[in-house]
Amino acid sequence: MQVVSISSLKGGVGKTSVTTGLASAALAAGIPTLVVDLDPHADASTALGVDPHEQLDIGRMLKAPRRARLGDNVVPSGWVARAAGNSPAPAILDVAVGSAYSGIYDRPDLGRRDLRRLSAVLAGSEQHYDLVLVDCPPSLNGLTRMAWSASDKVALVAEPGLFSVAGTERTMRAIQLFREEFAPNLAPAGIVANRVRSGSAEHTFRLSEMQSMFGELLLTPHIPEQANWQQIQGAAHSVHHWPGDSAKNAASLFDALLANLLKSNSGIRSGARRDRSLR
């Protein structure tokens, strides 16, 4: 089981789109997955088509993490019903629903005890997930640091532009400092180049710059800019179940990206279930 935070310290780079694209690939691969929507805007919850009833959102679970009973409060993604007809095994894609309430923890002065709140919530699950994706807010305040504290790896999302590349370099330094102080086992999973325009000389230059700066940490494939992505998310569909060649191509890219993101983790297998606890 791997916990991977999807992060960027710069907003507007498509961090949530990458999170949902990876979740779609995990669902298609039969990997039991939990998405934790830690961004107070809760865009990932909307895109994943959740329909919560009496369940607690992630902010309220963080308030009393040892009594949160994660398994009772996760909500199945609306994507699961569409995937059921294409999978021989029951698909699992659950969501710890986001809300503005979690914003009370998004401040810079959280102590060590507060930073362990998400770890405690995940440790209380009775469900067996092979993958947990944490959609972080675009800042280095309490929620992102809480996510990093609970994670094995951090995947960074960047556009191939000047400010985004600079922000990625700052985030890499922040991860190193956080590791030294709070989480010695945390590692960068890699950098996802998102919203890439193949005909753009600027994007070509910045991708080359990122390759020279980050080397093998720059993951492949890169994710191109996709005109219908807002339509897919607005309809609360997974990209793997959206019609058309454009969506089919994007789905195959996310399949490859997920495989590359997790290739060093041999414990994750398509359709695999674990006979062990979450943490």
Side-chain angles (χ1 to χ4, degrees), residues 4-25 39 41 43-44 47 133-141 144 147-148 151 153-179 186-234 239-240 242 244-264:
V4 182
S5 286
I6 313 298
S7 297
S8 171
L9 300 194
K10 183 183 184 301
V13 298
K15 171 183 54 60
T16 298
S17 298
V18 170
T19 302
T20 55
L22 292 171
S24 181
D39 191 330
H41 291 103
D43 292 337
L133 298 171
V134 186
D135 189 33
C136 300
S139 70
L140 191 54
N141 286 328
T144 294
W148 290 1
S151 294
K153 293 186 175 183
V154 180
L156 306 179
V157 180
E159 284 185 313
L162 172 63
F163 300 128
S164 183
V165 173
T168 301
E169 190 175 25
R170 290 195 301 272
T171 309
M172 292 292 290
R173 291 198 297 268
I175 292 171
Q176 181 59 39
L177 291 172
F178 190 82
R179 287 178 62 188
L186 183 67
I191 299 161
V192 180
N194 192 39
R195 295 179 176 171
V196 176
R197 295 194 297 273
S198 59
S200 168
E202 171 67 9
H203 279 204
T204 300
F205 173 80
R206 294 299 172 191
L207 283 173
S208 177
E209 181 181 46
M210 292 169 73
Q211 185 65 60
S212 65
M213 291 171 66
F214 304 118
E216 292 182 356
L217 282 175
L218 182 61
L219 295 170
T220 57
H222 308 319
I223 305 301
E225 190 171 55
Q226 186 162 320
N228 63 349
W229 195 261
Q230 292 295 325
Q231 185 182 8
I232 295 172
Q233 290 187 316
V239 67
H240 285 72
W242 191 261
D245 290 340
S246 176
K248 184 177 181 180
N249 178 62
S252 67
L253 292 175
F254 276 111
D255 288 339
L257 183 62
L258 180 66
N260 287 338
L261 185 68
L262 303 175
K263 65 182 178 182
S264 63

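All values reported here derive from a predicted model rather than from experimental measurement. Residues take their numbers from the sequence shown, with the count starting at 1. Hydrogens, waters and symmetry mates are skipped; everything else that's a heavy atom, side chains included, is used.
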Could you tell me which non-hydrogen atom of [X] sits nearest to which non-hydrogen atom of [Y], and how far apart they are?
X: Ala158; Y: Met210; answer: CB-CE, 4.0 Å
X: Gln226; Y: Ala247; answer: NE2-CA, 4.0 Å
X: Leu261; Y: Ala155; answer: CD1-CB, 3.9 Å
X: Ser7; Y: Trp148; answer: OG-NE1, 3.0 Å
X: Ala250; Y: Val239; answer: CB-CG2, 3.9 Å
X: Leu218; Y: Ala193; answer: CD1-CB, 4.3 Å

Counting distance only, does the side-chain N/O of [X] pair as donor-acceptor with the main-chain N or O of [Y] below 3.5 Å?
X: Ser24; Y: Thr20; value: no
X: Thr144; Y: Ser139; value: yes
X: Arg179; Y: Leu186; value: yes
X: Thr171; Y: Gly167; value: yes
X: Thr19; Y: Lys15; value: yes
X: His203; Y: Arg197; value: yes
X: Asn260; Y: Thr220; value: yes
X: Asn194; Y: Val13; value: yes

Quick one: [atom1] on [X] to [atom2] on [Y], what's the gap to the nearest 0.5 Å?
X: Leu207; Y: Glu159; atom1: CG; atom2: CD; answer: 11.0 Å
X: Leu22; Y: Asp135; atom1: CG; atom2: CG; answer: 10.5 Å
X: Arg206; Y: Ser164; atom1: CZ; atom2: OG; answer: 10.5 Å
X: Ile191; Y: His222; atom1: CD1; atom2: NE2; answer: 11.0 Å
X: Cys136; Y: Asp39; atom1: SG; atom2: CG; answer: 8.5 Å
X: Gln211; Y: Glu216; atom1: CD; atom2: CD; answer: 8.5 Å

Can you tell if the side chain of [X] reaches within under 4.5 Å of the side chain of [Y], non-hydrogen atoms only?
X: Leu257; Y: Pro221; answer: yes
X: Pro224; Y: Leu253; answer: yes
X: Trp242; Y: Asn228; answer: yes
X: Leu140; Y: Arg170; answer: no
X: Met213; Y: Thr168; answer: no
X: Leu156; Y: Ile175; answer: yes

His41 and Asp43: side-chain donor and acceptor closer than 3.5 Å?
no
May I ask you to check whether Trp229 and Phe254 place their ring centers less than 6.0 Å from one another?
yes
